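Labels below follow one simple rule: chain letters A, B, ... track the order of the sequence lines, proteins then strands, and each chain is numbered from 1. Everything numeric here is computed off the predicted structure, so don't read it as measured data.
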Amino acid sequence: NLTSLGTEEVAAGSSLMDAAREAQARIEALGLPSAGTVCVRHFGGQYFSYAQAVELDAIADLARDSGSSVLLAATLSTASHLVNSIGKQFAQPIRPRDKFGTPKRHVVRKIIAERGLSARSVFMAYLRQYESLSIARRDHVAVRADFREALAKPALKPSVVYADPPYTRDHYSRFYHSLETIALGDDPSITKSNLGGGNIKSRGGYRAGRHQSPFCIKSEAPAAFSALFAGVATLQVPLVLSYSGYDPNMEARPRVMALDTVIGLAKQHFKDVRVEQLASLEHMKLNTTSLNKAAKGTTEVLLLCR
DNA sequence: GTATGATCGTAGGTGCAAGA
DNA sequence: TCTTGCACCTACGATCATAC
């Protein structure tokens, strides 16, 4: 993409590099606010066609200026719908050639189909869909906040807290960083990968300072769980905690914290802690069979804390 | 040098819907 | 009824950083 010019594999002096530099110069000459061109500079060519990215910039600008949650929701759905990546997430741009340099035919078809879509048309379809939804009559509020803040100052008095923290070391903010940037309307720098000497911008184009959940970091997870339990206990309401059971005898990837340890922490804050194993459920197996280690024994567990 | 932890790049099985 | 295409999203292996 344009933001990574000079660090990519394109040979200096090639016509593609010349075109990219000229495009960048023309964008700068327009004198637009940097946040207003962030899609085309950061995600154009990487996750969207340049034309789609330009349209997205315009749509996102409109949505943010309006302050309308419906417009913003339709914008984010449009970005999510258009993104040309593996699995429709924002951590894995398409790699159109295999390791031998041969173009992947099915990927080429996918690129042509997805990058030919009009952002405006997709946006209008989502807008019509969301505008036609009935309005919920029950009291509710959506909050974007750190869980500690949300528990310390709840927007509404809850009757129960349901928590679904991550349980592996994978930070899922990687998969939504572009939507975060579109929603915030800023112009973040892109992080550099720790691979290759640390001088190459991350292939996923991650925004600097993206959220890293303490539940995914082994050294921080115990304090995070303690804060969660303490925060809910202070509200004097029950807690339903979703976690993943894990049998250390199986080959599956260990959880950041063992279930027994989580239960032990819960018991420090609640008189009654029950564990319900959802035996009939298994996580979807989303990997090649050879890598799909031991889905059995890693089923969903609910901690009922009172 | 080794162990441990953290980050990044990556693959693809499953279930559903649409089309043949 | 069968086939095909697609969205979903988990979690692996490789690599690097840090602590000892």
Using a cut-off of strictly less than 4.0 Å, decide whether [X] has a side-chain nitrogen or oxygen near OP1 or OP2 of [N].
X        : N      : answer
A:Tyr206 : B:dT7  : no
A:Arg174 : B:dT10 : no
A:Gln212 : B:dA6  : no
A:Arg210 : B:dC8  : yes

Distances under 3.5 Å only, N/O to N/O: pair up the protein atoms with those of nucleotides 16-18 of chain B.
none

Within residues 213-225 of chain A, residues whose heavy atoms come under 4.0 Å of DNA chain B: A:Ile217, A:Lys218, A:Ser219

Gap between atoms [atom1] and [atom2], on [X] and [N] respectively (whole Å):
X        : N      : atom1 : atom2 : value
A:Gln46  : B:dC8  : CD    : C1'   : 14 Å
A:Tyr243 : C:dT10 : OH    : C1'   : 15 Å
A:Lys88  : C:dC6  : NZ    : C1'   : 9 Å
A:Asn84  : C:dC6  : CG    : C1'   : 13 Å
A:Phe175 : B:dG12 : CZ    : P     : 16 Å
A:His177 : B:dC8  : NE2   : P     : 10 Å
A:Arg203 : C:dC16 : CZ    : P     : 17 Å
A:Gln89  : B:dA11 : CD    : P     : 11 Å

Axis bend over the full length of the helix from B:dG1-C:dC20 to B:dA20-C:dT1, computed from five pairs that close each end, to 10 degrees: 10°

Check: A:Gln212/A:Arg210 side-chain N/O donor and acceptor closer than 3.5 Å: yes

Within residues 60-85 of chain A or reaching into it, pairs that qualify as ring pair (Phe, Tyr, Trp, His ring centres under 6.0 Å) - sequence neighbours excluded: A:His81-A:Tyr126

Pair A:Tyr50 + A:Phe43: ring centers closer than 6.0 Å: no

Aromatic plane relationship, A:Tyr206 with A:His177 - under 30° parallel, 30 to 60° tilted, over 60° perpendicular: perpendicular

Heavy-atom pair of closest approach, residues A:Val38 and A:Pro188: CG2-CD, 4.3 Å

Closest non-hydrogen atom pair between A:Cys39 and A:Ile182, with its separation: SG-CG1, 3.8 Å

Given B:dA11, C:dA7, B:dC8, the nucleotide with the shortest approach to the side chain of A:Thr191: B:dC8

Sidechain-backbone polar pair: A:Tyr47 side chain, A:Ala53 backbone, donor-acceptor under 3.5 Å: no

Carboxylate-amine/guanidinium contact A:Arg41 A:Asp57, below 4.0 Å: no

Beyond-backbone contact of A:Ser85 with A:Phe90, side-chain heavy atoms, under 4.5 angstrom: no

A:Tyr243 side chain near A:Phe225 side chain, heavy-atom distance below 4.5 Å: yes

List the atom pairs, with distances to 0.1 Å, where a side-chain N or O of residues 148-164 of chain A and a protein N or O form a donor-acceptor pair under 3.5 Å, not counting sequence neighbours.
unit_1, atom_1, unit_2, atom_2, d
A:Arg148, NH1, A:Asp146, OD1, 3.1
A:Arg148, NH1, A:Asp146, OD2, 3.1
A:Lys157, NZ, A:Leu235, O, 2.9
A:Asp164, OD1, A:Ser242, OG, 3.3

Sequence neighbours excluded - salt bridge (Lys or Arg N to Asp or Glu O under 4.0 Å) pairs with any residue from residues 65-88 of chain A: A:Lys88-A:Glu114

